[in-house]
Amino acid sequence: MTLRCRRVQVAACGMAGMLVLGLLVPGHAAHAAAPAVAAGASASWPWWVWPIALFATCFVMGIVAVPAGIGGGTLFVPIVGGFFPFHLDFVRGAGTMVALASALGAGPFLLRTGLARLRLALPLALMASMGSIVGAALGLVLPVSTIEIALGVVVLGIVVLMLVAGKAEFPLVAVADRLSNAWGLNGRFTDAATGRVVDWQTHRTPAAMALFTLIGLMGGLFGIGAGWANVPAINLLMGAPLKVAAGTSSLVLSLSSSSAAWVYLNRGAVLPMIVVPSIAGMMLGARIGARLLGVLDASVVRRLVIGVLLFAGGRSLLKGTGVWT
Amino acid sequence: MAIEAVDEQSVYARLIEQSTHFATLLLLLTFSVYVFGVLEPHVALERLPQLWDQSLQRYLQLSGTNPGWRVIERLGRSDVMNLVGVGLLSSAPALSLLVLLPNQLRRREWAQAGFCLGLVTLMLLAAAGLPGRA
């Protein structure tokens, strides 16, 4: 058996495991139940089944999220919201916590290696935080079907972004704008892969600030984090090198998610029984995922994740429209 | 003596690393207390599957939970206890910025100091329950 075949098998088994876990549990049946207190399908299973299933699912998500280059929160909300019995209000609260914990876990390494730039993150995080607070509050008052439809559209949009978005390793920024100069949104980092020292600067700061308000709003509204939007915005719009954009995105995410997390926490939408197994599974999975980077074929994992997101996004859309409850 | 801007990243990295480790440990500890029934929870474990598929408003109503800071009244309950770790984790990024603030002011980096203050203020507003409930 070739190495490539083995890699494909490992990746496929992981994703299949995630899907099976999601589909075997009778969550979708529970959602169809009447909103009365009468026990839904989930109530017929002992309570402890759910945190274990959640931990296992998040563990697999954590493994594949790293090589797929996508945040754990982006996978969490559509998959857990679509296939577990929890109401979307609690799933979004937990998704925000998962995104926050994942970003905080990676932050110190990224800061120490210079891959994340705090000065660049601060103004963007301020705008994203404003958006995320409004988004989180808005999400808790909008009808759940509206959120499901919008979530489905956004997840399918992420799939399109993953398929078509370009990236520039070292974008050329001839002249930094006035705000960028004034705030010191520039830096120097050494690319560990090539040993190349790169001096970088950014431009289009006002446009980026406006865009991050919108990104924050979506992140807070759906609880899906926003790494998928942060990275292209910092890399393609502002002109920061790709690795700096990826690292700084994590910092922005941790700061904006912390505000959104407080909105969910203050409203009572954080259930420890959902949040803690999810965070633990995702953190443990991400550690294994980072170690398996050399074994897993990142392009295969990425394609499989796209497939799962297509499925989960479609499921959310159909659930919201009442076609597949 | 002021911390140089280049060292600021290391200071912030250390702060969020330590606070995240502490909050995660606390979360795991209180969750163990919760699931192993060491202390009584506010909402019985067996009742959760009947409640977690309800909307937030309905859940709060059926479980008799008061949202917001009034939850502190039930801090002795094992499920509510978990929210301390969640709160710490949620506060870690913004509160760590506060440590950087004096040095930014000493270096007269007004914009950076303003961003930090803005982020902390936003987090505090969110923690205080703003924007208001519908």
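The sequence lines fix the lettering, A, B, ..., with proteins before strands; numbering per chain opens at 1. Hydrogens, waters and symmetry mates play no part in the numbers below; they use all other heavy atoms, side chains included.
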- [ ] Measure the NE2-CG distance between H87(A) and D53(B) for me, rounded to the nearest 0.5 Å.
- [x] 8.5 Å
Task: Gap between atom CZ of F86(A) and atom CG of L51(B) - 0.5 Å precision - done: 12.5 Å
Open item on the list: Is it the case that atom CH2 in W110(B) sees more than 12 heavy atoms from other parts of the structure closer than 6.0 Å?
Closed with: yes
- [ ] Could you look at V270(A) and say if it's the side chain, the backbone, both or neither that has a heavy atom under 4.5 Å from chain B?
- [x] both
Task: Spatial distance of atom CG (L48(B)) from atom CG (L271(A)) [nearest 0.5 Å] - done: 7.0 Å
Task: Heavy-atom pair count under 4.5 Å with chain B, highest-scoring of S254(A), G184(A), G187(A), A103(A) - done: S254(A)
Task: Which atoms of A116(A) approach chain B - backbone, side chain, both or neither, heavy atom under 4.5 Å - done: backbone
Open item on the list: As an exercise: rank G85(B), A127(B), A111(B) by heavy-atom pairs under 4.5 Å with chain A and give me the winner.
Closed with: A127(B)
Open item on the list: Could you check whether any side-chain heavy atom of M97(A) comes within less than 4.5 Å of a side-chain heavy atom of S90(B), counting everything from C-beta outward?
Closed with: yes
TODO: For chain B, find its close neighbours in residues 124-134 of chain A: heavy-atom separation under 4.5 Å, sorted by number, or none.
DONE: A125(A), L126(A), S129(A), M130(A), I133(A)
Task: Per-residue contact mode, L140(A) against chain B (heavy atom under 4.5 angstrom) - done: side chain
Open item on the list: With a strict 4.5 Å heavy-atom criterion, list every residue of residues 29-40 of chain B that contacts chain A, or say none.
Closed with: F31(B), Y34(B), V35(B)
TODO: Could you check which of A128(B), S91(B), S55(B) has the highest count of heavy-atom pairs closer than 4.5 Å to chain A?
DONE: S55(B)
Task: R178(A): partners by salt bridge (charged side-chain N to carboxylate O under 4.0 Å, His left out), with sequence neighbours left out - done: none
- [ ] Decide yes or no for L111(A) and S10(B): does some side-chain heavy atom of the first lie under 4.5 Å from some side-chain heavy atom of the second?
- [x] no
TODO: For R112(A), look at atom CZ and say whether over 12 heavy atoms of other residues, nucleotides or ligands are found less than 6.0 Å away.
DONE: yes
TODO: Could you check if a side-chain atom of Q112(B) sits within less than 4.5 angstrom of a side-chain atom of W183(A), using non-hydrogen atoms only?
DONE: yes
TODO: Measure from the side-chain N and O atoms of N82(B) to the backbone N and O of P272(A), and report whether any donor-acceptor pair falls under 3.5 Å.
DONE: no
Task: Shortest non-hydrogen contact from V263(A) toward A126(B) - done: CG2-CB, 3.9 Å
Task: Atom group of I279(A) that falls short of 4.5 Å from chain B, counting heavy atoms - done: side chain
Task: Side chain to side chain, Y12(B) and L251(A), heavy atoms closer than 4.5 Å - done: yes
Task: Top contributor to chain A interface from T24(B), L27(B), T20(B), L89(B) [non-hydrogen pairs under 4.5 Å] - done: L89(B)
- [ ] Determine, step by step, whether Q57(B) and R267(A) satisfy the side-chain contact (heavy atoms from CB on, under 4.5 Å) criterion, reporting the C-alpha distance in whole Å, the side-chain angles of both residues, the deciding distance to 0.1 Å, and the verdict.
- [x] CA-CA 9 Å; Q57(B) 289 311 318; R267(A) 305 291 168 94; over 6 Å; no
Task: L56(B) to G268(A) - nearest heavy-atom pair and separation - done: CD1-O, 3.4 Å
Open item on the list: Any side-chain to backbone donor/acceptor pair from Q9(B) onto L118(A)? Under 3.5 Å, distance only.
Closed with: yes
Open item on the list: Please evaluate residues M123(B) and L255(A) with respect to the criterion side-chain contact (heavy atoms from CB on, under 4.5 Å), reporting the C-alpha separation (whole Å), side-chain torsions for both, the decisive distance (0.1 Å), and the verdict.
Closed with: CA-CA 9 Å; M123(B) 191 212 73; L255(A) 286 160; over 6 Å; no
Open item on the list: Just to verify, what does F90(A) make a ring-ring contact (aromatic ring centres under 6.0 Å, His included) with, not counting sequence neighbours?
Closed with: Y59(B)
- [ ] Show your reasoning for whether side-chain contact (heavy atoms from CB on, under 4.5 Å) applies to W262(A) and L125(B).
- [x] CA-CA 9 Å; W262(A) 267 110; L125(B) 286 176; over 6 Å; no
TODO: Would you mind checking which part of R14(B) comes under 4.5 Å of any heavy atom in chain A, side chain (CB onward), backbone (N, CA, C, O), both or neither?
DONE: both
Task: Close side-chain approach of P49(B) and W45(A), heavy atoms under 4.5 Å - done: no
- [ ] Count the heavy-atom pairs under 4.5 Å between each of D79(B), I16(B), L97(B), L60(B) and chain A, then report the option with the highest count.
- [x] I16(B)
Task: Largest heavy-atom contact set with chain B, pairs under 4.5 Å, which of S256(A), P123(A), P277(A), G93(A) - done: P123(A)
Open item on the list: Looking at every heavy atom in both L100(A) and P93(B), which two are closest together, and how far apart are they?
Closed with: CD1-CG, 4.0 Å
Open item on the list: So S259(A) and L119(B), do their side chains get closer than 4.5 Å, heavy atoms only?
Closed with: no
